[in-house]
Amino acid sequence: MKTVALIGYPIGHSVSPAMHNAAYRSLGLDFEYVPLEVAPNDLKEAIEGLKALHFAGFNVTIPHKEAILEHLDEVTRLAEEIGAVNTVQNQEGKLIGYNTDGPGFIESLREDAGFDPKGKKCVLIGAGGAGRAIAVSLSENKARSIAIFDIAGEKAEELAGYVGGRSVKDLQKEIDGADLLVNASPIGMHPKIEASPIPDGIRLHRNLTVYDLVYNPYETRMLRAAKAAGAKAVSGLGMLVRQGAIAFTVFTGKLAPMELMRRAAESALHS
Ligand code: NAP
């Protein structure tokens, strides 16, 4: 039996164990996936423990995605560029870090939204861990421009400088000329489902694709506003499943049963 962990703090009601365990069962793999709550001060010891217990790997969530880097032996070029790791493979004691959030987002944008970022004008709300993965991936996929808005203005400025985008304050002006609007802030997430990262009075338009990384609830207030404006509205559940599917392949070496993982994630969300 090989074991894979999810480490985070707090770990909350994550749908990842249901998604990965359903995939292991369907392929008859002798693997299990367990959530482990790890406080920030215990990160180093927790990683040593995972190595000593021969875990096959682990996923990393808030707040460890950046802090984990100094404990790894190697990271992929993309993870290094993003500055965050959400998937770690244990190769006989050698820990290798990956970032599957960025590729999961781009794959979902292409496949679920039918949107190719090349040459497109993009607006990103939220410059935290996920926002970094989105901004770097949009830049790597040749977006024409990336305008970044964050309530912490200096974070938006730093990220914009890093990816060759610009930090913005006037969201309406940016949205009016944009092709893509992405929410990578936690605003709108359960239980505060009546909140929206788009301030009141901001208008969306029908030529916009609106992607919300928040997937609980499935249809956020921002996505309802997008639909009402005639825009294309896309839930972050697709990204969750696709980043998980890429991590599944890192851990097991097998192609992930993605549709089954999507159904398992949906039913875990509704349970
Ligand atoms: P994070 O590191 O805390 O970053 C969130 C950023 O948004 C912070 O910089 C925060 O600023 C900023 N922010 C908060 N309120 C805002 C507002 N009203 N307008 C603009 N910016 C605002 O969190 P994260 O790890 O990036 O995650 C962000 C969200 O993405 C979470 O809801 C997470 O569940 C989701 N996510 C989804 C997927 C997926 O697969 N679908 C993957 C990763 C993350 P302050 O720090 O000043 O509050």
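One-based numbering, in listed order, for ligands and for the atoms of each. Residue numbers run from 1 in the order of the sequence given.
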* **Gly129: numbered ligand 1 atoms lying under 4.0 Å from its heavy atoms** => 2 (O), 26 (O)
* Would you mind checking which non-hydrogen protein atom is closest to atom 27 (O) of ligand 1, with the distance to 0.1 Å? => Ala130 CB, 3.9 Å
* With heavy atoms of Phe149 as the reference, note each atom of ligand 1 found under 4.0 Å away. => 19 (N), 20 (C)
* **Protein residue, atom and distance nearest to atom 5 (C) of ligand 1, heavy-atom basis** => Pro186 CD, 3.7 Å
* Give a yes or no answer on whether the side chain of Asp42 reaches the backbone of Val38 with a donor-acceptor pair at less than 3.5 Å. => no
* Is it the side chain (CB and beyond), the backbone, both or neither of Phe105 that lies under 4.0 Å from ligand 1, heavy atoms counted? -> neither
* To do: Determine, counting only non-hydrogen atoms of the protein, whether one lies under 4.0 angstrom from atom 3 (O) of ligand 1.
  => no
* To do: Can you sort out which atoms of ligand 1 are near Ile125, meaning under 4.0 Å from one of its heavy atoms?
  => 19 (N), 20 (C)
* Asked: Just wondering, more than 12 heavy atoms not from Gln172 lying within 6.0 Å of its CD?
  -> yes
* Asked: Looking only at N/O atoms, are Ala152 and ligand 1 under 3.5 Å apart anywhere?
  -> no
* Test item: Asn90 side-chain N/O and Gly57 main-chain N/O as donor-acceptor pair under 3.5 Å -> no
* Should you measure from each heavy atom of Ile187, which atoms of ligand 1 turn up under 4.0 Å away? -> 15 (N), 16 (C), 17 (C), 18 (N)
* Six-ring centre of Tyr162, Arg132 cation under 6.0 angstrom, axis tolerance 45° -> yes
* If we ignore angles and hydrogens, is there a donor and acceptor under 3.5 Å between the side chains of Asn86 and Asn59? -> no
* Return a yes/no value for Asp150: is any of its N or O atoms, backbone included, closer than 3.5 angstrom to an N or O of ligand 1? => yes
* Give the single entry among Leu237, Leu213, Ile148 that approaches atom 30 (O) of ligand 1 most closely by any heavy atom. => Leu213
* Asked: Just checking, Lys169 and Phe149: is the charged tip under 6.0 Å from the six-membered ring centre and within 45° of the axis?
  -> no
* Structure fact -> re atom 48 (O) of ligand 1, the protein heavy-atom contact at minimum distance is Ile151 CD1, 4.2 Å
* Asked: If only atom types and distance count, is the side chain of Lys120 paired as donor or acceptor with the main-chain N or O of Asp116 below 3.5 Å?
  -> yes
* Thr252 side chain to Tyr24 side chain, donor-acceptor N/O pair below 3.5 angstrom -> no
* To do: Between Pro197 and ligand 1, find which residue part has any heavy-atom pair under 4.0 Å and reply side chain, backbone, both or neither.
  => neither
* ligand 1 contacted by Ala184 (non-hydrogen, < 4.0 Å) -> yes
* Does an N or O from Ile62, backbone or side chain, lie closer than 3.5 Å to an N or O of ligand 1? -> no
* Would you mind telling me if ligand 1 is within reach of the side chain of Val214, the backbone, both or neither, using heavy atoms under 4.0 Å? => side chain
* Please say whether more than 12 non-hydrogen atoms of neighbouring residues, nucleotides or ligands are located less than 6.0 Å from CG in Asn41. => no
* To do: Step by step, work out the salt bridge (charged side-chain N to carboxylate O under 4.0 Å, His left out) result for Arg262 and Asp112.
  => CA-CA 12 Å; Arg262 185 188 301 272; Asp112 303 328; 3.6 Å; yes
* Under 3.5 Å, is there a donor-acceptor pair between the side chain of Ser185 and the main chain of Gly126? -> no
* Asked: Who gets closest to atom 32 (O) of ligand 1 by heavy atom: Lys65, Lys155, Met189, Met239?
  -> Met189
